[in-house]
Number of protein chains: 2
Amino acid sequence: MKRGKAKSQVVTMRDVAKESGFSSATVSIVLNNAPLARYIAPATKERIEKTAKRLGYRPNVMARFLRSQRSHTVGVMFFDVLDPFCTPTLRGIENALFSTSCLPFFADAQNQRNRFERYLEMLLERHVEALIVVANWLFVDINLLADLSKRNIPVVTIGWEVANETVSSVMVDNEAGARLALEHLYLLGHRKIAFIRGPKAIIDSAPRWKGVQKFAQGAGLEIDPGLVAELPDVFDTYSGFEAGYRLTQELLGRKKRFTAVLAFDDLTAFGALRALTKAGIKVPEQCSVIGFDDIAPAALAAPALTTVRQPLEAMGALAVSIVMDGINAATEKRAAPVVHRRSTPELVVRESTRPAAGRGSGD
Amino acid sequence: MKRGKAKSQVVTMRDVAKESGFSSATVSIVLNNAPLARYIAPATKERIEKTAKRLGYRPNVMARFLRSQRSHTVGVMFFDVLDPFCTPTLRGIENALFSTSCLPFFADAQNQRNRFERYLEMLLERHVEALIVVANWLFVDINLLADLSKRNIPVVTIGWEVANETVSSVMVDNEAGARLALEHLYLLGHRKIAFIRGPKAIIDSAPRWKGVQKFAQGAGLEIDPGLVAELPDVFDTYSGFEAGYRLTQELLGRKKRFTAVLAFDDLTAFGALRALTKAGIKVPEQCSVIGFDDIAPAALAAPALTTVRQPLEAMGALAVSIVMDGINAATEKRAAPVVHRRSTPELVVRESTRPAAGRGSGD
DNA sequence: TTGTATGCGTTATCAA
DNA sequence: TTGATAACGCATACAA
């Protein structure tokens, strides 16, 4: 009944229609520049557009969804957004999404499975057109994600790969990255190198170690098992730091000389850095340290950390382009191809590495 | 016409109605546990609920919005999400929002005014029920936000305050924080202290400096103008680091002794740390450094940074509770109160500060 | 070149 | 205790 203007500050299409003197069908056609707009008189168009602007009309995405079945919305789910890995990835996703006029829903599982599931539910209730999962370690039932794909909702994971035929993924080329890191140390003359391997449960660990082994083999570098440590499978956000610290102390305790540490990731490297510093060993003068990831603190540390950079922003953008392809495929009733992309890591040389001390320690 | 079951994997309420043999009205009443559900036969309820579960029915939030005018969605807008200030804040927001079953849209202005405006537009099109703005420095036309408030969309800013009667805000008590920092140095015996003040354009700068001055006055500590530097008004994400580095070098160049540096924020402190290290001055042995914010890298640095902690997660949660009050007020047609909250900072003592060197440098 | 009518998935009002 | 029906804001098929 009473359409009180008291309540409704929101301008609807009907308001524009009434005000401009045309039907809402015409208004719809004009404002959306639909195919039929070809046949609308220019004067009409102009009048409608002007009143729309004057009234401050804004299309209602939700009402539109009811007809078009398009929500112009995607879900972005993090396993743990506090992981420094996530922020640049998020930036990359946001940036790429911006030009598609899709808006992302933000969800953070906080490494809890039930939160993950609840968020999946909420995302589904809101009919996201795609889902991007930024993953680090938590293990989620693959079927949950596969279910989405079956509903024709494209899913892509970043930093984690599902052994599954229905979910796309974007990961850095871990093997190449590890090779880059070791090669760097090798070219600086380091031969006694300590390694802190990643936890078994993390998917990146194996390929990184493989990269190390392959390079070592090719270069004739011997990996001393006495200089190899491995991170345990515990996953608080910053556990890598603590563990890196502890393992480096332990390595130091073994009384085997080493002139460089190759850490699983930057967090571990920071832990190593602190342990070395505490032990009175100067980095990089007496020992070099190299990390992996290039998270923000790497550039801030003193000494600034040499590391292998994951192109996280680009990976985020890549993920967006993959799901967008999927959305377009779905719209055109084509099957969305599932792809697994590998991005190329890059060596970033800063201050924590330098040529192996001539004589003095090594050899 | 043909309602092909080929396409629609989505279960609607009508599907549940058809399958259970009741009308969709009844289904709606039961599934929402509406007041009328009191009068529905238990057997009916059970049957409906079972079929709903069996079919995997999920309410469509958008369709629901059309009737209820509630989108169960809020906007979270960042000026620059790469600022380390943002991540914990985001976590706090997300965490508090989770229990309200509102889902946040993520928007990042990347410090660009036009992006900010475009996102505002997109958020409005999606009928967010509230807006939380996580701000650091960019200056946005206040009226844009005030407009939202006028539409009964509650707005709260975190880390930035609008000189305006319609937008709520949450900030740390900068004055108290600065006092905490200086007091810490003072109690450690430092008397020759260098200061790096914040940029004029940042709202936090003035109150922090006021806190410093007040404490100095109260304690009879002299602030040597020759030991005071000020960050310039440039705002790339990490410009504070560079500037802190440069200004510390300059301070060092003035040849005036100082035994501690009180930096505007952690980024600046990291810059100072590096400059000191480069100059061969050991921290904290020869010079203490204190920051402000307690961003993640502070705990990772070697030495770990002593700083004043902003309770960012709590601030995010507080912002959520403010807008939720606003939403509830709007629902009940009450006026939403505008509030300005100050959160209490906390001193975090780590490794970068220690008692002033007995003799040797100071005095 | 433009208008009318219908339906998208829900919920609220009214009848039965 | 339950079922028709209308309406939310929009876009399309069809009519004019």
Side-chain angles (χ1 to χ4, degrees), chain A residues 1-4 7-49 52 55-72 124-127 331, chain B residues 1-4 7-48 52 55-72 124-127:
Chain A
M1 311 286 112
K2 278 189 212 165
R3 176 159 323 285
K7 178 217 170 154
S8 164
Q9 299 89 338
V10 182
V11 179
T12 151
M13 215 169 72
R14 251 198 294 280
D15 296 330
V16 177
K18 213 157 288 178
E19 185 75 9
S20 66
F22 293 95
S23 76
S24 38
T26 310
V27 173
S28 173
I29 290 166
V30 170
L31 261 26
N32 293 309
N33 205 3
L36 264 55
R38 274 170 43 76
Y39 306 109
I40 305 280
T44 307
K45 282 188 186 174
E46 199 189 351
R47 199 132 65 88
I48 289 177
E49 271 154 4
L55 264 43
Y57 169 73
R58 239 182 291 273
N60 182 331
V61 173
M62 318 227 211
R64 183 176 280 178
F65 166 83
L66 245 49
R67 297 253 353 153
S68 65
Q69 296 291 69
R70 299 211 45 181
S71 65
H72 295 283
L124 252 17
E125 285 174 355
R126 282 159 181 84
H127 290 259
T331 312
Chain B
M1 309 288 112
K2 280 187 212 167
R3 176 157 325 285
K7 178 215 170 156
S8 168
Q9 300 88 339
V10 183
V11 179
T12 151
M13 213 170 71
R14 251 197 294 278
D15 296 330
V16 178
K18 213 156 289 177
E19 186 75 9
S20 67
F22 293 94
S23 75
S24 38
T26 309
V27 173
S28 173
I29 290 167
V30 171
L31 261 26
N32 292 310
N33 204 5
L36 264 55
R38 275 170 42 79
Y39 305 112
I40 304 280
T44 307
K45 282 188 187 176
E46 199 189 351
R47 199 133 62 87
I48 289 176
L55 264 43
Y57 169 74
R58 238 183 293 273
N60 181 330
V61 173
M62 317 226 216
R64 183 176 279 179
F65 166 83
L66 244 49
R67 301 262 342 164
S68 66
Q69 297 291 67
R70 299 213 44 181
S71 64
H72 294 284
L124 253 16
E125 285 173 356
R126 282 159 181 84
H127 289 259

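Below, read A as the first sequence line, B as the second, and so on, with proteins coming before strands; counting in each chain starts at 1.
Residue B:A25 is in base contact, counting any heavy-atom pair closer than 4.0 Å across all strands shown. The residue A:R70 sits apart from the nucleic acid: no heavy atom pair falls under 4.0 Å. Using a 4.0 Å heavy-atom cutoff across all strands shown, A:T44 reaches sugar-phosphate atoms only and no base atom.
Where A:P35 and B:T26 each meet DNA chain D at their nearest nucleotide, the meeting point lying more 5' is that of B:T26. DNA chain D is contacted by both B:L66 and B:G21; B:G21 maps to the nucleotide lying nearer its 5′ end (nearest heavy atom per residue).
In terms of polar N and O atoms assigned as donor or acceptor, the side chain of B:R67 comes within less than 3.5 Å of the base of D:dA7 in a complementary pairing.
At whole-Å resolution of the value, CD in B:Q69 and P in C:dT10 are 17 Å apart. Distance, B:K18 NZ to D:dT2 C1': 18 Å, rounded to whole Å. B:F22 has its CZ atom 18 Å from the P atom of C:dT10, to the nearest Å. When the C1' atom of D:dT2 is taken as reference, atom CG of B:L31 falls 15 Å away, rounded to whole Å. Here the C1' atom of nucleotide C:dG3 and the CD1 atom of A:I29 are 9 Å apart, to the nearest Å. Distance A:N60 CG to D:dA7 P: 18 Å, rounded to the nearest Å. Between the CZ atom of A:F65 and the P atom of C:dG7 there is a distance of 19 Å, rounded to whole Å. If you take NE2 of A:H127 and P of C:dG9, they are 9 Å apart, rounded to a whole angstrom.
Phosphate contact (OP1/OP2 of C:dT11, side-chain N/O of B:R64, threshold under 4.0 Å): present. Contact annotation: A:R58 side-chain N/O to D:dG9 OP1/OP2 distance is not under 4.0 Å. Taking 4.0 angstrom as the limit, B:Y39 places none of its side-chain polar atoms (N or O) nearer than this to OP1 or OP2 of C:dA16. For the pair A:T12 and D:dC10, the criterion of a side-chain N or O lying under 4.0 Å from OP1 or OP2 is met.
A:F22 pairs in a side chain to side chain contact (heavy atoms under 4.5 Å, CB included) with only one of the listed residues (A:T44, A:V30, A:I29, A:I40), which is A:T44.
Screening residues 55-72 of chain B for salt bridge (charged side-chain N to carboxylate O under 4.0 Å, His left out), with sequence neighbours left out, gives A:E121-B:R58, B:R70-B:E129.
For B:I48 against B:V16, the heavy-atom pair with the smallest separation is O-CG1, 4.1 Å. Minimum heavy-atom separation, A:V27 to A:M13: CG1-CG, 3.6 Å. Minimum interatomic distance between A:A17 and A:S23 (heavy atoms only, all atoms of both residues): CB-C, 3.8 Å. When all heavy atoms are compared, the tightest approach of A:D15 to A:L55 is O-CD2, 4.0 Å.
Side-chain proximity of B:M13 to D:dG3, C:dT10, D:dT12: nearest is C:dT10. Nearest to the side-chain atoms of B:L36 among the listed nucleotides C:dT10, C:dC14, D:dC10 stands C:dC14. Of all nucleotides listed (D:dT2, C:dT11, C:dG9), C:dT11 comes nearest to the side chain of B:N32.
To the nearest 0.5 Å, atom CE of residue A:M62 and atom CG of residue B:N60 are 10.0 Å apart.
Annotation: the terminal axes of the helix from C:dT1-D:dA16 to C:dA16-D:dT1 meet at 50°, where each axis is the rotation carrying the C1' atoms of four end pairs onto the next four (5 pairs per end, rounded to 10°).
Using a distance-only test at 3.5 Å, with no hydrogens or angles considered, no donor-acceptor pair links the side chain of A:R126 to the main chain of A:S71.
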